[in-house]
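A short worksheet on the structure shown next.
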Protein chains: 2
Amino acid sequence: MATIIDVAKKAGVSKSTVSRVLTSNGYVSEVSRQKVLLAMEEIGYIPNLLARQLQSGVTKTIGFIAPSYMSALGKFLQVFMENAKNNGYYVNLYLTGGDKQKEIEALNQLKYKQVDGIFILTRTNDWETIKPYSQYGPLATWNRIEEPWIYSSYVDHYEGYLKALNYLYDRGYRKIGHVLGNMENLNTKARLRALTEFHELKQVPLNEEWLIEAAYNKNGGREVAKKWLESLDKPDVFAFYSDQSAAEFISEIELVGFKSPEDIGVLGFDNNEVSELMHISTVDYSLEKQASNSFAYLYNQLNEDQLPFEQLVFELMERKTLK
Amino acid sequence: MATIIDVAKKAGVSKSTVSRVLTSNGYVSEVSRQKVLLAMEEIGYIPNLLARQLQSGVTKTIGFIAPSYMSALGKFLQVFMENAKNNGYYVNLYLTGGDKQKEIEALNQLKYKQVDGIFILTRTNDWETIKPYSQYGPLATWNRIEEPWIYSSYVDHYEGYLKALNYLYDRGYRKIGHVLGNMENLNTKARLRALTEFHELKQVPLNEEWLIEAAYNKNGGREVAKKWLESLDKPDVFAFYSDQSAAEFISEIELVGFKSPEDIGVLGFDNNEVSELMHISTVDYSLEKQASNSFAYLYNQLNEDQLPFEQLVFELMERKTLK
DNA sequence: CTGTTAGCGCGTTCAA
DNA sequence: TTGAACGCGCTAACAG
């Protein structure tokens, strides 16, 4: 592998001069400059980023931690990486499979100076065990959390969910079931606030039986479906905390001949690819912009120049799973 | 940041000794060993991988190139990364968005010694422009290609497709439509061979109109649906080259009130998450094993010890889109 | 404007 | 069994 020294020899200059034209840092006469450029060309010189990084202490890469390849991840990751690339950053992806130890290993990459910052789509460990890592570099997450040591690209589900519920009300739905995510999640709490307020305001009875905490994992939606099938007092509609769980729900009830919206209304949340494919009505809250903001935060912490943040808005996507 | 020298001072030994206990390479007395271990503990020493990599010329990371987030990617990536992690490798993901230049940049990571090897899920550039990169490290791909300089984790679609077509025949289908991928793709050619043979053998007429080359991109399946809707002489069933395109097809026809299998049979290919969600009958050809084999190849090229390869098999997943 | 020198943090001879 | 010294490839401070 050709090094900077080979180029220097070939060009008949010192390696510092080569380094100067490489980084365009400092003065180099046009003559030497051309000689160096020519030599690099002839030798087919490629700078070794590793050496550069060791020297500068900066890797220009961001770690991206996710539990698994969920459908929401696709869109998010794509936008995140695009922003990264456009701003000269690489992305290291860590799929933990929900394994706490693996998440720790990924976080260690920050300690080990293998990445400059880390984005955690969805955490697996407690926040308390994650917190110490913030001393090694900037952290950001998709989870909703309000702490000074980590950025959260959250949108206030309170607003979005209230909007969604009012929408269901306007469409004539009165027996509304709610499928929520992890109860410790701040977004879940926000949704809880929203629905409580909604039921009081509209004087719509809230059936506790239809306030479900779905397992925040694969097939959580299918379990809700099973519960729904067995129940006697069925709601008219389910408002889900994610498109994925909504899709699983529909998939499961279709297995035994039920249909949405005929037998049960379904409203998702995310507007991801699956919901489009399956015609699931859902609420869009610009996942792309969240991804963009997440990277922007990390970038801004790491650099002098600042990337702008984008404003988030909710939008109801009318499709076919609501009457 | 604590370095090996800080540890050495604290332990009252030289940095070489520290290095020795770190790499468990060479002789170290149990006494010094304990002193070093203790010092590392107290200081909270973390080795700098960058320096290590610069020294060894090895990064222990594999580049993973994909055009964009496709549903097949998820499963594949997950297994690939799991294998990588289990064998001490990291994975750098590059999403090119189908941009040739971006793919080149990703390939350059191999030249720049930022990754030890590269896996290309689906190429964007010509093979001819990719080939030169094989001199910098091992290459593998999911595309089907038979060249000595790159490993292809392909399965022979000929066999799988023939099996699928016979299955359709047995279920009573006679007017069979074929939706194929990129015609230059070797798998497509294999499928073409299979279907030609099938139609001759079974004496089933092959309607050229229903031999479709779907755009190998997003919404290719929707375009097939539009064509199907407008046509007069409709086939009884479509055999798709991927679950994704099959899903798009179904999604699109449902939009205007048609259903599978009532109005048209649908057979996918991949057995990915979407096909399960939408109950699409499909053929499984162990994507996981392909992913596993792909990593195994890369690993084996890079290391002395060898990982075993797994045998691939086709399996028909009966679901609900066939009568 | 340019060359010399000193690191970045670590692994690895080579003597001792 | 250990330490000194060198090198991985590059950047940056310093002197000229």
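Below, chains carry the letters A, B, ... as their sequence lines are ordered, and counting in each starts from 1. Just so it is clear, the model here is predicted, and its values are computed rather than measured.
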Nearest-nucleotide 5' precedence on DNA chain D, B/Arg33 against A/Ala2: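 That would be B/Arg33.
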
5'-most by nearest nucleotide on DNA chain D - A/Arg20 or B/Glu30: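 Final value for this comparison: B/Glu30.
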
For [X], report the nucleic acid contact type (base, sugar-phosphate, nothing); a contact means any heavy atom under 4.0 Å.
X        : result
A/Val18  : nothing
A/Tyr112 : nothing
A/Ser32  : sugar-phosphate
B/Ser19  : base
A/Thr23  : sugar-phosphate

Can you measure [X] atom [atom1] to [N] atom [atom2] for me and round it to whole angstrom units?
X        : N      : atom1 : atom2 : result
B/Leu50  : D/dT11 : CG    : P     : 14 Å
B/Lys113 : D/dC8  : NZ    : C1'   : 13 Å
B/Leu54  : C/dG9  : CG    : C1'   : 9 Å
B/Asp6   : C/dC8  : CG    : C1'   : 13 Å
A/Lys35  : C/dC1  : NZ    : P     : 14 Å
B/Ile4   : C/dG9  : CD1   : P     : 11 Å
B/Tyr27  : C/dC14 : OH    : P     : 16 Å

Residues B/Trp149, B/Trp127; criterion side chain to side chain contact (heavy atoms under 4.5 Å, CB included); working and verdict: CA-CA 11 Å; B/Trp149 54 272; B/Trp127 288 122; 3.8 Å; yes

Of all the choices, [options], which nucleotide is nearest to the side chain of [X] once you look at every atom?
X       : options               : value
A/Ser14 : C/dT12, C/dG11, C/dT4 : C/dT4
B/Asn48 : C/dG9, D/dC10, C/dC1  : C/dG9
A/Ser29 : C/dC1, D/dG3, C/dT12  : C/dC1
A/Ser16 : C/dT4, D/dT11, C/dC10 : C/dT4
A/Gln55 : C/dG7, D/dG3, C/dG3   : C/dG7

Phosphate OP1/OP2 of C/dT12 contacted by B/Asn25 side-chain N/O (<4.0 Å):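 Indeed, a polar side-chain atom of B/Asn25 lies that close.
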
Inter-residue atom distance A/Ser286.OG - A/Lys75.NZ, 0.5 Å rounding: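 Rounded to the nearest 0.5 Å, the OG-NZ separation comes to 9.0 Å.
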
Heavy-atom donor-acceptor pair, B/Lys15 side-chain to C/dG11 base, under 3.5 Å: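 Under the 3.5 Å cut-off, the side chain and the base do form a donor-acceptor pair.
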
CA sep, side-chain torsions, deciding dist, call: A/Asn293, A/Ser153, side chain to side chain donor-acceptor pair (under 3.5 Å): CA-CA 7 Å; A/Asn293 283 350; A/Ser153 67; over 6 Å; no

Heavy atoms of other groups near A/Glu184 CD, more than 12 under 6.0 Å: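 No, not enclosed.
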
Near-ring test B/Phe64/B/Tyr94, centroid separation under 6.0 angstrom: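 They do not qualify: ring centres at least 6.0 Å apart.
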
Sole residue of B/Phe80, B/Tyr151, B/Phe309 in ring pair (Phe, Tyr, Trp, His ring centres under 6.0 Å) with B/Tyr297: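 The residue from B/Phe80, B/Tyr151, B/Phe309 that satisfies ring pair (Phe, Tyr, Trp, His ring centres under 6.0 Å) with B/Tyr297 turns out to be B/Tyr151.
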
